[in-house]
Asks: 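Would you mind keeping the following structure in view while I ask a few things?
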Protein chains: 2
Amino acid sequence: MANGTAPRTRRGVARREALLKAAEKVIGEKGFSAASIADITREAGTALGTFYIYFPTKEAVFHELVLEMGHATRAAVTQAIDGAPDRLAAEKNGLRAFLQFVAARPALYRIVEEARFVDPEAYRGYFTTFARAYATRLRAAAEAGEIAHGDQEVRAWALMGVAKTLGDRFVLWEEKPDLDHVVDSAFALIRDGLGPKP
Amino acid sequence: MANGTAPRTRRGVARREALLKAAEKVIGEKGFSAASIADITREAGTALGTFYIYFPTKEAVFHELVLEMGHATRAAVTQAIDGAPDRLAAEKNGLRAFLQFVAARPALYRIVEEARFVDPEAYRGYFTTFARAYATRLRAAAEAGEIAHGDQEVRAWALMGVAKTLGDRFVLWEEKPDLDHVVDSAFALIRDGLGPKP
DNA sequence: ATGATTCATGAATACTGATTCATGTTTCAA
DNA sequence: TTGAAACATGAATCAGTATTCATGAATCAT
């Protein structure tokens, strides 16, 4: 509900979910300011005022969507990484999983990017949380001799940047993305760098 | 002027420039929607209506700022690259120049990112133009044996992603950025990749 | 020096859209 | 079955701000 408790009836739960789904679609497509509450409730098939039964403000749904993106991407990437034989394999799987996620839920991806302006705290939180776990994994891998030594925090951010930008260009902007090719090319760069083979 | 011609008096030229500078500051700080025309003219020291003598709409100044960012970054990076002995050196210089630019004009950097939502055409144009030139340079370097072969377009976007994200995290979010360290760490990754030394 | 042109001003206009609320309807535990 | 609690509705409120415009001042080519 708008206050903070969960809905107490079946119908309430369903309505809230419908509104959240509608908000993801509408805000993802039109952007935060252009998306009106009326757009969202129309998409959800409810009356205008119903929105305010479940969310106190427009910012509140947005915030919740950013958190959802956080959980969903972490889950997708973690699962994809799980069982990889070594860190390099994990890198490749993780990149593929991220790009697949962007392809599956483009609206959520755009919402996180817009959070930079609409909800800066959440934006930083999203990436900082991700980066922390990422750097920790990289450090462990360096200890294990699976990857080169270096500043793993800088690397974590650099690698997140690669994934984000490839998502923009080769998933969102492409009619029929060739994910395998992009992943292969990017992974070759990540593993071996730009330097010429000796 | 609002129509499309340039100001015809000294004063007009100065006013337009003041408004553009004010818009960069205000929009960069508060974001596009939160920044009002009144904020911009107050910052510029002019009356409200004066804005519309020089720009037809709020979107128009924004668009001009995105173009300015395009020119300015290309100029900064091109100059930094100029005279580098080889492509790897150029990569390092270019990355440093970009991060220095972000540090010098953070508002412009944020404006370009917000263009993704406010002026998508300009946003794509900015990065596409940059990527095209970047990929061309990488191809030439691969021909010359200075870097490894591979899909240089994917690489160009991946490397732009690295620069963007490091700009966010280690320039915008850092009180006293240690650019040299970031550049060194990132460059090591770009040159050699994540793979362990044989 | 001067008047045609360009520019400056800010109050008034116009519109959009978030949020509220008074009035019903539905749900579900007992 | 039932009534207290939870939920649904959409017209009305309220606020903010982009844009216009009628009036007056500054500029500069001649």
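Order of the sequence lines sets the chain letters (A, B, ...), proteins ahead of strands, with each chain counted from 1. Everything numeric here is computed off the predicted structure, so don't read it as measured data.
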Asks: Can you list, in residue-number order, the parts of residues 113-123 of chain B that come under 4.0 Å of DNA chain D, counting heavy atoms only?
Replies: none
Asks: Measure across A:L166 and B:A158 and return the closest heavy-atom pair with its distance rounded to 0.1 Å.
Replies: CD2-N, 4.0 Å
Asks: Can you name the closest pair of heavy atoms from A:T129 and A:R74 and give their distance?
Replies: CG2-NH1, 3.6 Å
Asks: Whole angstrom is fine here: how far is it from CZ in A:F32 over to P in C:dT16?
Replies: 19 Å
Asks: May I have the distance from A:R8 (atom CZ) to C:dA29 (atom P), rounded to whole angstrom?
Replies: 12 Å
Asks: Checking all strands, does B:F55 fall into the base, sugar-phosphate, or nothing category for heavy-atom contacts under 4.0 angstrom?
Replies: nothing
Asks: Applying the 4.5 Å side-chain criterion to the ILVMFWY set and letting contacts propagate, would B:W173 and B:F98 be lumped into a single cluster?
Replies: yes
Asks: Please identify the 5'-most and 3'-most nucleotides of DNA chain D with any atom under 4.0 angstrom from a heavy atom of chain B.
Replies: D:dA18 to D:dC28
Asks: Mind checking A:A35 for me? I need base, sugar-phosphate or nothing, with any heavy atom below 4.0 Å counting as a touch.
Replies: sugar-phosphate
Asks: Heavy atoms only: give me the nearest A:P196-B:G145 pair and the separation to one decimal.
Replies: CB-O, 3.7 Å
Asks: Starting from the 5' end of DNA chain D, give me the residue, B:E59 or B:R11, whose nearest nucleotide shows up first.
Replies: B:E59
Asks: When the distance from CG of A:L48 to C1' of C:dA18 is rounded to whole Å, what number comes out?
Replies: 9 Å
Asks: State whether A:F127 and A:K164 meet the cation-pi test: NZ (Lys) or CZ (Arg) under 6.0 Å from the six-membered ring centroid, and within 45° of the perpendicular axis.
Replies: yes
Asks: Using 30° and 60° as the class boundaries, would you call the ring planes of B:F130 and B:Y134 parallel, tilted or perpendicular?
Replies: perpendicular
Asks: For the pair made of CD1 in B:I37 and P in C:dA11, what is the distance, rounded to whole Å?
Replies: 17 Å
Asks: Side chains of B:H63 and B:V118: closer than 4.5 Å at any heavy-atom pair?
Replies: no
Asks: Using whole Å, report how far CD1 of A:I53 lies from P of C:dG24.
Replies: 16 Å
Asks: Can you tell if the side chain of B:I147 reaches within under 4.5 Å of the side chain of B:Q152, non-hydrogen atoms only?
Replies: yes
Asks: Answer with base, sugar-phosphate or nothing: what part of the nucleic acid does B:T50 contact at a heavy-atom distance below 4.0 Å?
Replies: base
Asks: Pick from B:L179, B:L108, B:V171: which one makes a side-chain contact (heavy atoms from CB on, under 4.5 Å) with B:V102?
Replies: B:V171
